[in-house]
Visitor: 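Can you read through this structure? Questions will come right after.
Throughout, residue positions are numbered sequentially from 1 according to the sequence presented.
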Amino acid sequence: MLPVLITIDTEYSLGLFQQGPGRDQAFNFARSIACHGKQGDTGIFYQMDRFDRNALKGVFFVDPMPALIWGQQAVDAIVHPILERGHGVQLHIHTEWLEFAGRQAPVGRTGRNMADFTLEEQCALLDYGIERLMEAGAPRPIAFRAGNYGANDDTLRALASLGVIYDSSFPPGIANSDCRISLPSDQIAPIQHHGITEVPIGAIAGAGKSLRHAQITALSNWELKRAIGHAATAGWPSFVIVSHSFELFDRSKGIQNWLVRRRFDRFCDWLGRKQDARTTTFRKLAGKAADLHAFSRCKLHVLPHNPVRTVHRMAEQFVVNKLHGWNRASAFILYISAAL
């Protein structure tokens, strides 16, 4: 049975905050967390509805750093409903919020990524994040993902010193990412590294020798299903999928991203029926880190590249990027693309 971790990076929008309207916590929550739109919500509440309908479990990596601006209630508003629905809450940190924190900041300088800070500073940032999640009622986090994937080896050392078991900041399918963890670019299997178990983001083969990471907006439904089927057949120890609280939503227009929302829906419906793969959480994996390490020296073969699937996905992305005007013609093209 393949353990599948559907991870949702759950975060307020710094971009909206910088633009002005997003300085209001309620407005930022509505656009980035709940994703209120004209056709209904497509944020974390919608995502949890879809999980629950298909007996799936999600892992919500929650960024508590906006508490530096708005206070603890900004974190409570996210964590409470997730816990009430029985899904996992783990730690996510975007250090960019430090720029606006003033004297509330746990460290004395700012930076875009965790990797921009010393080991001691990273420990302080992680301590702050852990405290905020626990204050909101979450169990002490045992897994972490850095904002922008911007972790380094000191991040892992800091996590290990604080008793965190898992990190999932390493994205083998993203070329030139902000991640500075010293692992081979094609590291797919979970591995013990600097005292912590690194669980890389899932990936499939791209054109040439490239990889493409398993994110809801990066792979088509066809590719996601084939990737899970391949990993289950090949005996992978886990498969990590990335999404975001706002990924099914067009925040600039305040409307749902119809194609990505449909992709998410169809994938969840399919995964709920699949017999050889089941969603899990890092907490359920807590006692199985040693089992995952057994695969660290194995060469896991990713789903081979298929030009037809790639062209299909590129066509979908073109429709989303170029024809997102939501007139009848673009809606018809979206429907045909999604049906394929």
Visitor: Any luck finding a side-chain donor-acceptor pair between Asn257 and Glu247 under 3.5 Å?
Guide: no
Visitor: Tell me whether Ile69 is reachable from Phe27 by hopping between hydrophobic residues (I, L, V, M, F, W, Y) whose side-chain heavy atoms are closer than 4.5 Å.
Guide: no
Visitor: Are Gln90 and Tyr166 close enough that a side-chain donor and a side-chain acceptor fall under 3.5 Å?
Guide: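 No, no side-chain donor-acceptor contact under 3.5 Å.
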Visitor: With side chains defined as the heavy atoms from C-beta onward, is the minimum distance between Phe246 and Glu11 less than 4.5 Å?
Guide: yes
Visitor: Determine whether the aromatic ring centres of Phe51 and Phe264 lie less than 6.0 Å apart.
Guide: yes
Visitor: For the pair Asp63 and His94, evaluate side chain to side chain donor-acceptor pair (under 3.5 Å) and give the outcome as yes or no after the intermediate values.
Guide: CA-CA 7 Å; Asp63 179 13; His94 273 276; 5.2 Å; no
Visitor: Between Asp9 and Tyr149, is a side chain to side chain donor-acceptor pair (under 3.5 Å) present by the stated rule, with each step listed?
Guide: CA-CA 11 Å; Asp9 290 357; Tyr149 304 109; 5.2 Å; no
Visitor: Are the side chains of His87 and Asp52 in touch, meaning some heavy atoms are under 4.5 Å apart?
Guide: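 Of all side-chain heavy-atom pairs linking Asp52 with His87, at least one is under 4.5 Å.
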Visitor: Backbone N or O of Gly43 within a donor-acceptor pair of the Asp41 side chain at under 3.5 Å?
Guide: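 Not a single qualifying donor-acceptor pair exists.
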Visitor: Do the non-hydrogen side-chain atoms of Ser243 and Ile8 ever get within less than 4.5 Å of each other?
Guide: yes
Visitor: Would His194 and Asp154 count as a side chain to side chain donor-acceptor pair (under 3.5 Å) if you check the C-alpha gap in whole Å, the side-chain angles of each, and the deciding distance to 0.1 Å?
Guide: CA-CA 8 Å; His194 295 297; Asp154 275 346; over 6 Å; no
Visitor: Indicate whether the side chain of Gln72 and that of Arg132 have a donor and an acceptor atom separated by less than 3.5 Å.
Guide: yes
Visitor: Would you confirm whether Ser177, through its side chain, and Ala175, through its main-chain N or O, come within 3.5 Å as a donor-acceptor pair?
Guide: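 Absent.
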Visitor: Just how far is it from atom CD1 of Ile191 to atom CD1 of Ile196, taken to the nearest 0.5 Å?
Guide: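 It is 13.0 Å, given to the nearest 0.5 Å.
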Visitor: Should the pair His230 and Trp236 be assigned to parallel (<30°), tilted (30 to 60°) or perpendicular (>60°) ring geometry?
Guide: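 Aromatic pair His230/Trp236 classed perpendicular.
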Visitor: Of all residues at least two apart in sequence or in a different chain, which pass the side-chain contact (heavy atoms from CB on, under 4.5 Å) check with Asn54?
Guide: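 Residues passing side-chain contact (heavy atoms from CB on, under 4.5 Å) with Asn54: Arg50, Leu56, Cys268, Asp269.
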Visitor: For Thr281 versus Gly58, what's the shortest heavy-atom pair and its separation?
Guide: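 For Thr281 versus Gly58, the nearest heavy atoms are CG2-O, 4.1 Å.
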Visitor: Checking Phe249 against His36 for the side-chain contact (heavy atoms from CB on, under 4.5 Å) test, could you report, in this order, the C-alpha distance in whole Å, the side-chain angles of both residues, the deciding distance, and whether it holds?
Guide: CA-CA 9 Å; Phe249 191 62; His36 296 317; 5.8 Å; no
Visitor: Which residue is it: Gln256, Arg266, Gln47? I am looking for the one with a side chain to side chain contact (heavy atoms under 4.5 Å, CB included) to Arg261.
Guide: Gln256
Visitor: Indicate yes or no: at least one non-hydrogen side-chain atom of Ile82 is less than 4.5 angstrom from one of Val62.
Guide: yes
Visitor: How long is the gap from OG on Ser252 to CG on Leu16, to the nearest 0.5 Å?
Guide: 9.5 Å
Visitor: Quick one: are Ile188 and Pro200 in side-chain contact, heavy atoms under 4.5 Å?
Guide: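 No, too far: nothing below the 4.5 Å cut-off.
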Visitor: Please tell me if the side chains of Cys123 and Ser161 come closer than 4.5 Å, counting only heavy atoms from C-beta onward.
Guide: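 SC-SC contact between Cys123 and Ser161 confirmed.
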Visitor: Can you tell me how far apart CD1 (Ile142) and CD1 (Ile130) are? Round to the nearest 0.5 Å.
Guide: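 Rounded to the nearest 0.5 Å, the CD1-CD1 separation comes to 11.5 Å.
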Visitor: Calculate, to the nearest 0.5 Å, the distance between atoms CE and CG belonging to Met65 and Leu125 respectively.
Guide: 5.0 Å
Visitor: Hey, could you give me each pair passing side-chain hydrogen bond (donor to acceptor under 3.5 Å, both in side chains) that has a residue in residues 97-113? Not counting sequence neighbours.
Guide: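 Sorted result for residues 97-113: Arg109-Glu121, Arg112-Asp178, Asn113-Asn148, Asn113-Asp178.
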Visitor: Go through the steps for Arg85 and Asp49 under the test salt bridge (charged side-chain N to carboxylate O under 4.0 Å, His left out), then give the verdict.
Guide: CA-CA 9 Å; Arg85 300 282 287 271; Asp49 285 345; 2.5 Å; yes
Visitor: With rounding to the nearest 0.5 Å, note down the distance linking NZ in Lys274 to CG in Leu2.
Guide: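 With rounding to 0.5 Å, NZ (Lys274) is 8.5 Å from CG (Leu2).
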Visitor: For Ala124 versus Val107, what's the shortest heavy-atom pair and its separation?
Guide: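 Taking Ala124 first and Val107 second, the nearest heavy atoms are CB-CG1, 3.9 Å.
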Visitor: Could you state whether Leu119 and Leu91 fall into the same hydrophobic cluster, counting links through intermediate Ile, Leu, Val, Met, Phe, Trp or Tyr residues with side-chain heavy atoms under 4.5 angstrom apart?
Guide: no
Visitor: Taking the six-membered ring for Trp, is the centroid-to-centroid distance between Phe144 and His92 below 6.0 Å?
Guide: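 Here the rings of His92 and Phe144 have centres that are no less than 6.0 Å from each other.
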Visitor: Show your reasoning for whether side-chain contact (heavy atoms from CB on, under 4.5 Å) applies to Phe117 and Leu98.
Guide: CA-CA 12 Å; Phe117 297 87; Leu98 292 169; 3.6 Å; yes
Visitor: Please evaluate residues Leu159 and Ile165 with respect to the criterion side-chain contact (heavy atoms from CB on, under 4.5 Å), reporting the C-alpha separation (whole Å), side-chain torsions for both, the decisive distance (0.1 Å), and the verdict.
Guide: CA-CA 8 Å; Leu159 290 167; Ile165 301 172; over 6 Å; no
Visitor: Tell me yes or no: between the side chains of His305 and Ser210, is some donor less than 3.5 Å from an acceptor?
Guide: no
Visitor: Work out which heavy atom in Val75 is nearest to a heavy atom in Ala136; give both atom names and the distance.
Guide: CG1-CB, 4.2 Å
Visitor: Quick check: do Phe17 and Tyr12 have side-chain heavy atoms less than 4.5 Å from each other?
Guide: no
Visitor: Working note: Ser13 + Asn28, criterion side chain to side chain donor-acceptor pair (under 3.5 Å); need CA distance, chi angles, decisive distance, verdict.
Guide: CA-CA 7 Å; Ser13 170; Asn28 208 314; 4.9 Å; no
Visitor: Is the closest side-chain donor-acceptor distance between Asp167 and His193 under 3.5 Å?
Guide: no
Visitor: Taking the side chain as everything from C-beta on, heavy atoms only, tell me whether Phe282 gets closer than 4.5 Å to Ser168.
Guide: yes
Visitor: Please give me the minimum heavy-atom distance between Ser169 and Ala146, naming the atom from each residue.
Guide: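 Heavy atoms of Ser169 and Ala146 come nearest at OG-N, 2.9 Å.
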Visitor: Should Ile228 and Trp270 be marked as a side-chain contact (heavy atoms from CB on, under 4.5 Å) after you check the CA-CA gap, both sets of side-chain angles, and the distance that decides it?
Guide: CA-CA 11 Å; Ile228 293 295; Trp270 173 84; 3.8 Å; yes
Visitor: Got a second to check how far Ile241's CD1 is from Ile201's CD1, nearest 0.5 Å?
Guide: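 If we round to the nearest 0.5 Å, Ile241:CD1 and Ile201:CD1 are 10.5 Å apart.
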